[in-house]
*Asks:* 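Supplied in structure tokens, the structure appears directly below.
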2 protein chains.
Amino acid sequence: MVLTRTAGPDLAGLVLPLAKTLTALETSIARRHGLTTWQYAILAAAAEPPWRTQGELAGAIGYDRNRIVADLDDLEGRGLVTRTVDATDRRSNRIEVTPTGRRLAHSTARDLRAGTDALLAAVGPEHDRAALLAALEALRDRCADDGWRARWLRR
Amino acid sequence: MVLTRTAGPDLAGLVLPLAKTLTALETSIARRHGLTTWQYAILAAAAEPPWRTQGELAGAIGYDRNRIVADLDDLEGRGLVTRTVDATDRRSNRIEVTPTGRRLAHSTARDLRAGTDALLAAVGPEHDRAALLAALEALRDRCADDGWRARWLRR
DNA sequence: TATTGTTATACTCTATAACTATA
DNA sequence: TATAGTTATAGAGTATAACAATA
């Protein structure tokens, strides 16, 4: 969101613009396929069993159970997912992706993958790329570390 | 913002959560120093000469000339910056950071730096860290590349 | 009483337009 | 007329609360 001007290596100054671009890429690609980024996330997450309820689905992609309703209304209306009341618990809905929805999710994922690959090509040889991804994984794990979060993210 | 489930290395799935955490870190640290992230960005950018006008300052940090007004009102009211009409062009304001504002910017930057360093410590030896930063720079530059943007970011 | 889906409401951040004073 | 600063307004995205049906 913001520059953090410091003398040394500025991690935020490197990562934040990159994240902004990746978000724009997701938005652009999803849009070309007639989806919002959340709709694509829903489709992609729901495409892999086990089937989930609406709430679980929302939670699985970091969305919320309130907003997912309208998106599912739209996806269902376009024949990309089906919503059926669970016979064992009539409060909850089972979400299933139709073959059409599955194809759409796959083609979107393919384009998205091609776009990020075209970005990653800037990093050079294969082993540099692997090292980058490994380092990013280490950072991602540290981000989830309770100790680090308690020390640095408490208000 | 969103998961991009693909088979191979998922750049967005690695970078986006990291960016979210870095943003949360900035928000948290700035808040501890009584600032919003934008206010900190303003203070940090204005702290280094050449002195700028409001609009240039906003542009320099990716902010906009409308919203910076209220932030400068606040910063000025707290004695962290001064706003003086430019004598050569009475339409524009010259923004200057006070010694107090400078100290606040520095202490905030120090904490921010310490937080990201604690993250980067997860990456291991010094040369791995350097390689990561170099790779991120390459990605950042590729993000700005007109060819890539035209191919992947057009709507 | 608790939970699932649903709807309504409010809040934050951002984007656009319009006004003033200077040039 | 054009520009810098300012103000007001509208929009997207998000978060919170309340409701009906079901358990």
Side-chain angles (χ1 to χ4, degrees), chain A residues 1-3 16-17 19-20 22-24 26-28 30-31 35-42 45-46 50-77 81-96 155, chain B residues 1-3 16-17 19-20 22-24 26-28 30-31 35-42 45-46 50-77 81-96 155:
Chain A
M1 173 184 297
V2 158
L3 301 175
L16 266 32
K20 190 175 175 182
L22 287 170
T23 301
E26 261 194 355
T27 304
S28 171
R31 183 193 184 88
L35 299 170
T36 66
T37 53
W38 284 118
Q39 286 176 338
Y40 166 63
I42 292 166
W51 316 122
R52 307 177 215 253
T53 71
Q54 280 189 210
E56 286 173 348
L57 197 52
I61 60 175
Y63 208 29
D64 75 67
R65 67 181 193 136
N66 305 308
R67 289 189 287 156
I68 203 175
V69 176
D71 288 313
L72 286 174
D73 287 346
D74 184 48
L75 294 175
E76 189 183 23
V81 305
T82 59
R83 237 192 307 209
T84 56
V85 276
D86 187 331
T88 70
D89 182 347
R90 295 185 44 76
R91 291 174 303 178
S92 58
N93 291 334
R94 287 188 357 158
I95 307 299
E96 218 159 327
R155 350 198 81 197
Chain B
M1 170 182 296
V2 158
L3 299 176
L16 265 33
K20 190 175 175 183
L22 287 170
T23 300
E26 260 195 355
T27 303
S28 171
R31 183 192 183 90
L35 299 169
T36 67
T37 53
W38 283 119
Q39 288 176 336
Y40 166 63
I42 291 166
W51 315 123
R52 308 175 215 252
T53 71
Q54 280 189 210
E56 286 172 348
L57 197 52
I61 60 173
Y63 208 28
D64 74 69
R65 66 183 194 132
N66 305 309
R67 288 187 289 155
I68 204 176
V69 176
D71 288 314
L72 286 175
D73 286 347
D74 184 46
L75 294 176
E76 190 184 21
V81 303
T82 60
R83 240 194 303 210
T84 56
V85 278
D86 187 331
T88 71
D89 183 347
R90 296 184 44 75
R91 289 173 304 181
S92 61
N93 291 334
R94 288 188 355 158
I95 307 300
E96 218 159 326
R155 359 194 75 199

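Chain letters run A, B, ... following the sequence lines, proteins first, then strands; residues in each count from 1.
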*Asks:* Please give me the minimum heavy-atom distance between A:D64 and A:A58, naming the atom from each residue.
*Replies:*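 Distance-wise, the nearest heavy atoms are C-CB, 3.6 Å.
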
*Asks:* Round to the nearest Å and state the distance from A:R94 atom CZ to C:dG5 atom C1'.
*Replies:*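 Interatomic distance, CZ of A:R94 to C1' of C:dG5: 17 Å.
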
*Asks:* Can you name the closest pair of heavy atoms from A:A41 and A:I61 and give their distance?
*Replies:*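 Looking at all heavy atoms of both residues, the closest pair is O-CG2, 3.8 Å.
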
*Asks:* Separation of B:I68 atom CD1 from D:dT7 atom P, in whole Å?
*Replies:*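 Value for this atom pair: 14 Å.
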
*Asks:* Counting primed atoms plus P, OP1 and OP2 as sugar-phosphate and everything else as base, spell out the protein contacts along nucleotides 18-23 of chain C at 4.0 Å heavy-atom distance: B, S or - for each nucleotide, 5' to 3'.
*Replies:* B---BS

*Asks:* Nearest to the side chain of B:V69, which nucleotide is it out of C:dC13, D:dA4, D:dT6?
*Replies:*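 Nearest nucleotide to the side chain: D:dT6.
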
*Asks:* Starting from P on D:dA21, measure out to CD on A:Q54 and report it in whole angstrom.
*Replies:*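 My rounded result for the distance is 17 Å.
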
*Asks:* Take A:D73 and A:S92, find for each the nucleotide of DNA chain C with the closest heavy atom, and name the residue whose nucleotide sits nearer the 5' end.
*Replies:*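 The residue mapped nearer the 5' terminus is A:S92.
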
*Asks:* Rounding to an integer number of Å, can you tell me how far B:D71 CG sits from D:dT7 C1'?
*Replies:*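 In whole Å, D:dT7 C1' lies 15 Å from B:D71 CG.
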
*Asks:* Looking at B:R83, I want to see if its CZ is surrounded by more than 12 non-hydrogen atoms of other residues, nucleotides or ligands under 6.0 Å.
*Replies:*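 Atom CZ in B:R83 is packed in, count exceeds 12.
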
*Asks:* Any side-chain heavy atom of A:I95 sitting closer than 4.5 Å to one from A:R52?
*Replies:*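 Result no, sub-4.5 Å side-chain heavy-atom pair not found.
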
*Asks:* Are side-chain heavy atoms of B:I42 and B:L75 found at a separation under 4.5 Å?
*Replies:*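 SC-SC contact between B:I42 and B:L75 confirmed.
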
*Asks:* Would you kindly give the OH-to-C1' distance between A:Y63 and C:dT6, to the nearest whole Å?
*Replies:*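 My rounded result for the distance is 14 Å.
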
*Asks:* What contact category does A:R83 fall into here, base, sugar-phosphate, or nothing, at under 4.0 angstrom with non-hydrogen atoms?
*Replies:*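 Sugar-phosphate, backbone atoms only, no base.
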
*Asks:* B:D64 has an atom CG; how far is it from atom C1' of C:dT12, in whole Å?
*Replies:*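 Distance check: B:D64 CG to C:dT12 C1' gives 15 Å.
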
*Asks:* Calculate the interatomic distance between A:E76 atom CD and C:dT6 atom C1'; express it in whole Å.
*Replies:*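 Value for this atom pair: 14 Å.
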
*Asks:* Would you say B:R67 reaches D:dT9's phosphate, i.e. side-chain N/O to OP1/OP2 under 4.0 Å?
*Replies:*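 For D:dT9, neither OP1 nor OP2 has a side-chain N or O of B:R67 closer than 4.0 Å.
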
*Asks:* What's the CG-P distance between A:N93 and D:dA21, to the nearest Å?
*Replies:*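 Atom CG in A:N93 sits about 15 Å away from atom P in D:dA21.
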
*Asks:* So, taking the atom named OG1 in A:T84 and the one named CG in A:N93, what distance separates them when rounded to the nearest 0.5 Å?
*Replies:*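 These two atoms lie 7.0 Å from each other.
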
*Asks:* Taking only N and O in the side chain of B:W38, is any of them less than 4.0 Å away from OP1 or OP2 of C:dC13?
*Replies:*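 No.
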
*Asks:* Run the side-chain hydrogen bond (donor to acceptor under 3.5 Å, both in side chains) test against B:D74 and tell me which residues pass, sequence neighbours left out.
*Replies:*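 Per chain and number, B:D74 pairs via side-chain hydrogen bond (donor to acceptor under 3.5 Å, both in side chains) with B:Q39, B:R78.
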
